[in-house]
Every structure is written in C-alpha cells, then in structure tokens.
Amino acid sequence: MSLARVHNFSVSLDGFATGEGLSRDEPFGHAGQRLHEWMFATRWWHETSARPGGTSGLDDALVRRFTPGIGAEIMGAGKFGYPGWHEDPEWKGWWGPNPPFHTPAFVLTHHTRPSIGMEGGTTFHFLDASPAQALETAREAAGGLDVRIGGGPSTVRAFLAAGLIDHMHVVVVPVLLGRGVRLWDGLENLEKDYEIEAASSPSGVTHVTFSRTAR
C-alpha cells in the first residue's frame, strides 16, 4: 500500500506551525515567512523560482524529497485559502495558475465546490470527509504512488491522531511565535509508534524525521 507522507513541515521552538491572524495578505499570520526562510535559501527553491544560486547541503537534500514518489496531496481548507475563501467563487488557491503540486490535490472542507483544473497537472478536489476517507480517495487517485499530507497543522495533527501517517519530516526553526496553531497538542506518546532521527543544519534548523515502526 502507498505511504502517507509529510515533508518540509516547519514548526517553531514552541511548537507553532502557523501564526495568529491569518488573512489574504498574511497566509501565516504574524509568523510571516519566518518558519520557511530556511527553505527559501536552498538551491531547490531557487531552481523552482527560476533563479540562480541557493544553498546546498542538508537543507537542500531534504527539501528535494517533497516531490519524488508522490501521486496525490491532501491539504486542509486553511492551506488552500484565507479564512472565508469559500465565499469567493473565483479563489483558486495561493499559488497562481501553475501550483507546485502537479498531482490531484484534495482539499478538506465543509464548503465543497466543483473540482478546479490548473496548469501543470494540478487538479483541486474538495472533500467533506474524515482523514481515513480522504486518504482512501487520494490513494485511488495516486495510482500506487504515495500521498503527501500537506498541512496545515490541524490537518497533519488529525492524520497523526488517526494513526495514518507513515513518514513525517518536521523542521524545527529557532524562532518563538508565542501564539498561533500548534502541531503537537493532544498527541502525547506519539513517539512510541515511530523511529525518530534528528539532524542539525548549519542554517540553524533541526530536521526531525518520524518513520513508522512495524505495526
């Protein structure tokens, strides 16, 4: 069976994966882009932005695992759009006409709408479903490839609580946000189900990988 994977998911030292005050102008609220500056500095990010330069090394090697082997993505409503996006029939996500997913992408929302086909192979489908139901649907669409659980933190937490995540890459960023949405709340003893490895990067972030142990 295909795996459910999380990649490049950044959290602050105090466990927040997004800030407070999310809006159309501030997708991560008061956190701004502080949780993702490590990624923006990599050669991979520069390549995807058609710019020269960027850093190599550990950050670049791990961020590149985002795409290989992925056949579908699942994301929460908060990743797809700002609070209230469902009231705007023209809203098609943050990413412009060619989103970076290039696969079917399933948006979990109580406000469903017809699917939206985008350039580059991304099609957004809108589901009102449990994590298990959404994963079953995404696996069918993935054609034997893995499914990426893309976030935000409430969505990743729900899949973790349901025991559905097989591999997770979390990046601990040395900032304190103080408020927002935490990843780890309610997930006590999560570590018992995973083999965990951590590696520090010269950029200051710590990469933590969780690989599910045999059931």
Side-chain angles (χ1 to χ4, degrees), residues 1-11 17-18 27-28 36 39 42 44-45 47-49 61-82 85-86 91-171 181 183 187 190 193-194 207 209-212 215:
M1 181 179 293
S2 67
L3 302 180
R5 295 159 39 187
V6 176
H7 288 279
N8 307 332
F9 197 81
S10 297
V11 300
T18 191
F28 294 96
H36 308 101
M39 184 188 304
T42 63
W44 176 83
W45 185 267
E47 290 172 359
T48 61
S49 306
L62 289 176
V63 78
R64 289 179 183 274
R65 296 182 179 180
F66 176 81
T67 299
I70 295 293
E73 163 139 349
I74 298 172
M75 68 180 73
K79 178 174 178 177
F80 181 74
Y82 60 96
W85 62 262
H86 60 275
W91 180 256
K92 297 181 179 180
W94 304 104
W95 305 279
N98 189 0
F101 310 108
H102 310 301
T103 66
F106 295 88
V107 181
L108 298 180
T109 175
H110 297 306
H111 303 281
T112 59
R113 59 171 61 177
S115 299
I116 303 173
M118 307 291 287
E119 297 176 14
T122 299
T123 300
F124 291 114
H125 304 282
F126 301 88
L127 297 179
D128 187 357
S130 69
Q133 291 168 336
L135 184 56
E136 181 179 357
T137 299
R139 278 180 165 146
E140 291 176 0
L145 297 177
D146 292 344
V147 175
R148 183 173 52 238
I149 311 301
S154 297
T155 297
V156 173
R157 189 188 319 118
F159 277 80
L160 286 169
L164 298 174
I165 301 296
D166 299 295
H167 175 85
M168 180 168 63
H169 167 221
V170 173
V171 185
V181 182
L183 174 61
L187 296 175
L190 176 74
D193 296 325
Y194 294 89
H207 297 274
T209 57
F210 297 73
S211 299
R212 182 174 290 281
R215 293 179 185 268

Centroid separation Trp95 to Phe101 less than 6.0 Å | yes

State, with a plain yes or no, whether a side-chain heavy atom of Thr103 is found less than 4.5 Å away from one of Thr122.
-> no

Enclosure of Arg65 CZ (heavy-atom neighbours >12, cutoff 6.0 Å) = no

Nearest non-hydrogen partners of Val107 and Gly76, listed with the distance = CG1-O, 4.1 Å

When the ring centroid of Phe126 is compared with that of Phe106, is the distance short of 6.0 Å?
-> no

Taking atom CG of Leu160 and atom CG of Leu190, what is their separation to the nearest 0.5 Å?
-> 5.5 Å

side-chain contact (heavy atoms from CB on, under 4.5 Å) between Leu127 and Gln133, worked out | CA-CA 9 Å; Leu127 297 179; Gln133 291 168 336; over 6 Å; no

For the side chain to side chain contact (heavy atoms under 4.5 Å, CB included) test, which of Val63, Asn8, Val6 pairs with His169?
-> Asn8

Output, in order, the C-alpha distance, side-chain angles, deciding distance and verdict of side-chain contact (heavy atoms from CB on, under 4.5 Å) for Trp94 and Tyr82.
-> CA-CA 9 Å; Trp94 304 104; Tyr82 60 96; 3.7 Å; yes

Take Val147 and Arg5 through the side-chain contact (heavy atoms from CB on, under 4.5 Å) test and state the conclusion after the steps.
-> CA-CA 6 Å; Val147 175; Arg5 295 159 39 187; over 6 Å; no

Closest non-hydrogen atom pair between Gly71 and Leu145, with its separation = N-CB, 3.5 Å

Side chain to side chain donor-acceptor pair (under 3.5 Å) assessment of Ser115 paired with His125 | CA-CA 5 Å; Ser115 299; His125 304 282; 2.7 Å; yes

Please tell me if the side chains of Thr48 and Phe66 come closer than 4.5 Å, counting only heavy atoms from C-beta onward.
-> no

Value rounded to 0.5 Å, distance of CD1 in Ile149 from CD1 in Ile74 = 4.0 Å

Which heavy-atom pair separates Ala4 from Leu164 by the least distance, and what is that distance?
-> CB-O, 3.2 Å

Check for a donor-acceptor pair, side chain of Ser49 on one end and backbone N or O of Trp45 on the other, with a separation under 3.5 Å.
-> yes

Roughly how far, to the nearest 0.5 Å, is CZ of Arg157 from CG of Leu187?
-> 7.0 Å

For Trp91 and Ile116 the tightest heavy-atom approach is O-CD1, 4.1 Å

Find out whether Val170 and Met168 are in side-chain contact, i.e. whether some heavy atom of one side chain is under 4.5 Å from a heavy atom of the other.
-> yes

Take Phe9 and Leu183 through the test side-chain contact (heavy atoms from CB on, under 4.5 Å) and record every step on the way to the result.
-> CA-CA 10 Å; Phe9 197 81; Leu183 174 61; 4.0 Å; yes

Residue pair Ser2 / Gly144: nearest heavy atoms and the distance that separates them = CB-O, 3.9 Å

Can you list the residues that meet the side-chain hydrogen bond (donor to acceptor under 3.5 Å, both in side chains) rule with Arg148, with sequence neighbours excluded?
-> Glu73

Near-ring test His86/His110, centroid separation under 6.0 angstrom | no

Separation between CE (Met1) and CD (Glu136), nearest 0.5 Å, reads 9.0 Å

Find the distance between NE2 (His167) and OG1 (Thr209) and round it off to the nearest 0.5 Å.
-> 6.0 Å

Taken to the nearest 0.5 Å, the spacing of Leu108 CG from Asp128 CG works out to 8.5 Å

Do Phe159 and Leu135 come close enough that some side-chain heavy atom pair is under 4.5 Å?
-> yes

